[in-house]
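Everything below concerns the one structure shown next.
Everything quoted here is computed from the prediction, not taken from an experiment. In what follows, chains carry the letters A, B, and so on, assigned in the order in which the sequence lines appear, proteins first and then strands, with residues in each chain numbered from 1.
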Number of protein chains: 2
Amino acid sequence: MENVNKKILLVEDDLNFGAVLKDYLMLNDFDVTLAKNGMEGFEKFKKDTFDLCILDVMMPYKDGYTLAKEIREKNNEVPIIFLTAKSMKEDVLKGYKAGADDYLNKPFDSEVLLMKIKAIIQRKSSDVKAEQVQFEFNIGKFHLNSKLRFLTFNNEEPIKLSPKENELLKMLILHENDLMPRELALTKIWRDDNYFTSRSMDVYIAKLRKYLKLDEDVEILNIHGEGFRLVVKNKVSV
Amino acid sequence: MENVNKKILLVEDDLNFGAVLKDYLMLNDFDVTLAKNGMEGFEKFKKDTFDLCILDVMMPYKDGYTLAKEIREKNNEVPIIFLTAKSMKEDVLKGYKAGADDYLNKPFDSEVLLMKIKAIIQRKSSDVKAEQVQFEFNIGKFHLNSKLRFLTFNNEEPIKLSPKENELLKMLILHENDLMPRELALTKIWRDDNYFTSRSMDVYIAKLRKYLKLDEDVEILNIHGEGFRLVVKNKVSV
DNA sequence: CATAGGTGTTAATGTTTGGTTAATGCATTA
DNA sequence: TAATGCATTAACCAAACATTAACACCTATG
């Protein structure tokens with residue numbers, strides 16, 4: 001569970017205002033994707049996963065309500081906040097019917113928006129249970145629990161793994177007996193592929209080899225210039 | 001899920017307005033309990049279980065913020081909406097910090113309020129796990145009554161827990177032996193996730209560890225960068 | 001209305017952990 | 001056999017955590 005910034009999709013046709021708001025939100029540790037109309041907003045929505053959408057109502061090509069309905073068809077969970085200059089009751093109701101979580105009239109105070117964002121994201125982030133990813137693996141006589149970052153050998157006292165050790169081992173296991181390309185680990189785990197991250201990865205391979213020595217049937221092999229391969233010998237069928 | 005009307009606690013000192021609003025809400029199939037000041041509101045809150053609280057901010061004896069804080073100490077799940085004639089930024093921020101879910105300036109349109117209520121209640125009721133009526137737990141030789149906030153060791157004199165101690169311990173117990181992510185506790189209990197709340201949480205972990213020392217089989221372990229883990233060793237099967 | 005007690009936050013300090021980089025040597029390939 | 005890639009250990013620095021104490025705030029109570 002990494003502490004990754006929450007992602008916000010901001011759709012606003014006023015480019016100046018949009019840029020200012022984007023900067024403000026980014027200063028407050030959100031990842032912001034800005035789209036300048038409903039059309040573009042929907043395209044960007046489909047291509048990524050967001051924790052929150054902030055939609056301007058009045059936009060060319062496709063207004064905020066229409067966009068909200070399209071978003072709701074794809075995703076019934078993501079919170080939506082409308083920004084609007086209107087304060088007419090009909091429009092507000094229309095917004096709620098389109099699936100809004102909140103409504104804000106322009107001009108508004110940026111701190112207030114920030115509070116609302118935090119309140120809304122907090123409510124939703126309780127549904128973290130979506131993290132139904134696999135986190136338990138067996139490899140030779142080892143068992144890896146990658147949620148607790150524990151590597152257990154033969155029911156002995158578990159070895160505690162660091163986050164990077166854990167991620168790297170998991171990725172090797174997912175490619176068991178097959179090539180795990182250097183580049184893959186570097187881009188996924190180190191989020192950068194250069195000389196230094198590559199050296200760093202070597203250090204971690206060395207650490208993992210040390211742990212895995214306990215089981216002589218488990219080994220990390222290098223494929224020169226390509227990557228690594230986790231092999232398990234003498235595998236018994238169950 | 002039974003088809004029972006949702007219960008609303010409405011605290012409003014303007015008796016006329018309160019009665020009108022109550023009628024309107026009841027016409028829309030809510031069960032409404034009306035209190036005419038913060039004091040009375042808190043009494044009624046303690047005596048029943050509500051799906052939503054609507055609090056006027058300016059009231060004699062006890063204002064809406066204070067009431068909200070008291071309510072939050074008892075229950076930090078129930079949604080709260082503030083009603084206010086003020087629209088000062090400071091007041092709005094104060095409201096959110098007191099744990100508001102939404103904010104409405106008087107005069108407001110009743111239909112808008114209705115939409116907000118429906119939106120908020122819907123959000124909450126999708127949190128099925130919010131059905132955490134369970135409040136008694138055994139952990140090692142301890143027994144926690146999280147309603148009375150009593151932690152008992154071996155039938156000795158109970159240790160009184162503060163609201164935060166209690167919530168945190170409960171959350172740890174609900175994740176017994178498993179990871180309880182930092183972020184989860186911070187967003188759920190502290191309602192904010194930043195450097196300071198995180199330090200504060202560390203202080204509370206230290207306090208809990210001190211209490212739990214009585215049973216050497218119960219321990220709170222840290223998983224660096226992830227969260228905490230409450231483990232019970234030498235568990236006997238029953 | 002002063003004050004003691006309870007609660008929660010912030011500060012101060014020290015410890016642990018994790019990750020990168022450096023240094024050195026070996027292996028593979030062209 | 002030079003150049004590049006890999007292996008391993010150790011040194012270093014930054015971030016996360018642990019603990020205690022100081023502080024601020026509110027409430028109940030004499």
Side-chain angles (χ1 to χ4, degrees), chain A residues 1-3 148-151 159-169 179-183 185-186 189-213 219-229, chain B residues 38-39 42 61-63 65-74 76 94 97-99 148-151 159-169 179-183 185-186 189-213 219-229:
Chain A
M1 204 92 35
E2 293 157 45
N3 197 4
L148 301 179
R149 301 203 315 250
F150 276 177
L151 179 64
I159 304 165
K160 285 197 273 182
L161 300 183
S162 84
K164 284 240 157 59
E165 289 168 350
N166 177 56
E167 292 283 304
L168 186 56
L169 181 54
L179 170 69
M180 187 218 51
R182 271 195 109 83
E183 196 212 339
L186 290 175
I189 302 177
W190 273 263
R191 290 160 189 278
D192 194 8
D193 180 355
N194 62 44
Y195 172 80
F196 292 105
T197 53
S198 205
R199 286 319 98 232
S200 189
M201 172 169 167
D202 287 338
V203 172
Y204 276 86
I205 291 288
K207 291 180 184 182
L208 290 181
R209 279 184 175 135
K210 203 178 267 183
Y211 298 144
L212 297 176
K213 272 207 188 92
E219 222 175 343
I220 298 176
L221 302 180
N222 175 255
I223 298 174
H224 199 92
E226 301 289 334
F228 295 90
R229 197 161 83 95
Chain B
M39 219 72 102
F42 192 52
Y61 306 121
K62 187 182 285 183
D63 70 31
Y65 305 124
T66 312
L67 176 56
K69 273 170 73 182
E70 290 178 353
I71 288 177
R72 277 276 168 266
E73 278 189 17
K74 289 265 166 202
N76 65 0
K94 196 173 167 189
K97 278 183 186 139
L148 301 176
R149 303 203 313 255
F150 277 176
L151 179 64
I159 304 165
K160 285 194 270 185
L161 299 184
S162 82
K164 283 239 157 61
E165 289 168 348
N166 177 57
E167 291 284 309
L168 185 56
L169 181 54
L179 170 69
M180 188 219 47
R182 265 195 117 81
E183 198 209 343
L186 291 175
I189 302 178
W190 274 264
R191 300 183 155 257
D192 195 8
D193 179 355
N194 62 45
Y195 173 81
F196 294 105
T197 53
S198 206
R199 287 317 99 237
S200 187
M201 173 170 168
D202 287 339
V203 173
Y204 276 85
I205 290 288
K207 291 180 185 183
L208 290 181
R209 279 185 175 134
K210 206 175 266 182
Y211 298 144
L212 298 177
K213 270 208 187 92
E219 222 176 343
I220 298 176
L221 302 180
N222 174 254
I223 298 177
H224 200 97
E226 302 289 336
F228 295 90
R229 196 163 83 97

Interatomic distance, R149(A) CZ vs dT17(C) P [rounded to whole Å]: 11 Å
Minimum-distance nucleotide (side-chain atoms of H224(A) versus dT28(C), dT21(C), dA11(C)): dT28(C)
R149(B) side chain to S162(B) side chain, donor-acceptor N/O pair below 3.5 angstrom: no
W190(B) vs dG8(C): side-chain N/O to OP1/OP2 distance below 4.0 Å: no
Atom pair distance, as rounded to whole Å: CD1 in I205(A) and P in dT20(C): 14 Å
Side-chain N or O of S162(B) closer than 4.0 Å to phosphate OP1/OP2 of dG8(C): yes
For atom CZ of R191(B) and atom C1' of dT9(C), their distance in whole Å: 18 Å
Between P of dC26(D) and CG of L67(B), the distance in whole Å: 16 Å
Spacing of N194(A) atom CG relative to dT21(C) atom P, expressed in whole Å: 8 Å
K207(A) side-chain proximity, nearest of dG19(C), dA7(D), dT9(C): dG19(C)
Nearest-angstrom distance from the residue atom CG of L186(A) to C1' of dC6(D): 13 Å
DNA chain D: 5'-proximal contact among D202(A) and I223(B) (nearest heavy atom): D202(A)
dT20(C) phosphate, OP1 or OP2, under 4.0 Å from S200(A) side-chain N/O: yes
Within 45° cone of Y211(B) ring axis and under 6.0 Å: R209(B) NZ or CZ: no
Phosphate contact (dT13(C) OP1 or OP2) by R199(B) side-chain N/O below 4.0 Å: no
Nucleotide dA7(D), atom C1' - distance to NZ of K213(A) in whole Å: 11 Å
Minimum heavy-atom distance D193(A)-E183(A), with the two atoms named: OD2-CG, 3.4 Å
Nearest-Å distance for atom pair NZ/C1', residues K210(B) and dT7(C): 15 Å
